[in-house]
Amino acid sequence: MRLLTTLNDLRDERAAWQRTGATVGLLPTMGYLHAGHLSHAHAARAENAIAVASIFVNPTQFGPNEDLARYPRDLERDLALLDGAGVDAVFAPTAAAMYPADFNTWVEPSGPLTERLEAAHRPGHFRGVATIVAKLLLLVAPTRAYFGQKDAQQVAVVRRLIADLNLPVELRVGPIIREPDGLAMSSRNVYLHGEARAAATALSHALEAGRAAWESLSAPASAESVREAMRAVVAAEPLAALDYAEVCDPDTCLPLTTAQAPALLAIAARIGPTRLIDNYLLRADGSWEIGHRVNELGQ
Ligand code: PAF
């Protein structure tokens, strides 16, 4: 596995891939990898001749009061995990390489996606995400790019970005991987200990309650009882503070009035200082995408 730390290293490597006409799968990450990332790495490995991961804690997608400084990092461990997953190259640039002092061009997504859910709670977040994702897609020029369903709104933003900028890349979305008790895997779970770790299961329990409420409805019915079912679970957990429990369109994130598929059940809550997100997706065909528990993966 090659470690590429400069833009020139990456460009040289990319030129070699392009000379052979190889398909390239890119998995963009901020490192501190978990089983969710690795399942996407396995997909990139299986579906492309060349599998590439990027590791870059993107400063521009963090707000001034967020956890950029303490975001967990462990490059050596990440490299070993990606090597084990059969990844061919890792691009791990410095912040100065990606954002030189005179950097002044941004990709600014607009519309409901930048006003609701995560966008409402993290102003500027998706500008940072869209800018770095566009840069990575242009630098690596992959055939396919791999993102996790756990960041469902990010997936919607990236889908729009690829369509709006006519980027020649196929978006692949990997499932949420969950701990055995249902907690969605996240690099930020490292912040959770003891009671806080136990309380964090409120998010997946709330989604389960939302799904049960949805399935008890006789269609077409109001989506409000689904939101209420989710809110009630979080309200019963004293250590959890709800940011939102929403039932919305998966592509626009606009709230649904009627409980009709496709739908995204999206939740965000704070457990002390740690902010967590999770979701269930109800596809247009009526099937649920709720992710997989790591102990049930059979790997
Ligand atoms: O999902 C993430 O880890 C980040 O938002 C991404 C896509 C790597 C951009 O920094």
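Please read these numbers as outputs of a predicted model, since none were measured by experiment. Indexing begins at 1, ligand by ligand and atom by atom, following the structure's order. For this chain, numbers begin at 1 and follow the sequence in order.
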Heavy atom of the protein closest to atom 3 (O) of ligand 1 (residue, atom name, distance): Met30 CG, 3.6 Å

Could you check atom 1 (O) of ligand 1 against the protein and tell me its nearest heavy-atom contact, residue, atom and distance included? Gln154 NE2, 2.9 Å

Which of the numbered atoms in ligand 1 are under 4.0 angstrom from any heavy atom belonging to Phe147? 7 (C)

Enumerate the atoms of ligand 1 whose separation from the nearest heavy atom of Ile132 is less than 4.0 angstrom. 9 (C), 10 (O)

Decide whether an N or O pair under 3.5 Å exists between Asn58 and ligand 1. no

Are any of the N or O atoms of Thr29 closer than 3.5 Å to those of ligand 1? no

Side-chain ion pair, Asp88 and Arg45, N-O less than 4.0 Å: yes

If we ignore angles and hydrogens, is there a donor and acceptor under 3.5 Å between the side chains of [X] and [Y]?
{"X": "Tyr99", "Y": "Asn104", "result": "no"}
{"X": "Tyr71", "Y": "Glu66", "result": "no"}
{"X": "Thr60", "Y": "Asn58", "result": "yes"}

Given Lys150, Gln61, His37, which has its nearest heavy atom closest to atom 4 (C) of ligand 1? Gln61

Centres of the His40 and His37 rings: under 6.0 Å? no

Which pair of heavy atoms, one from Leu203 and one from Leu276, lies closest together, and at what distance? CD2-O, 3.4 Å

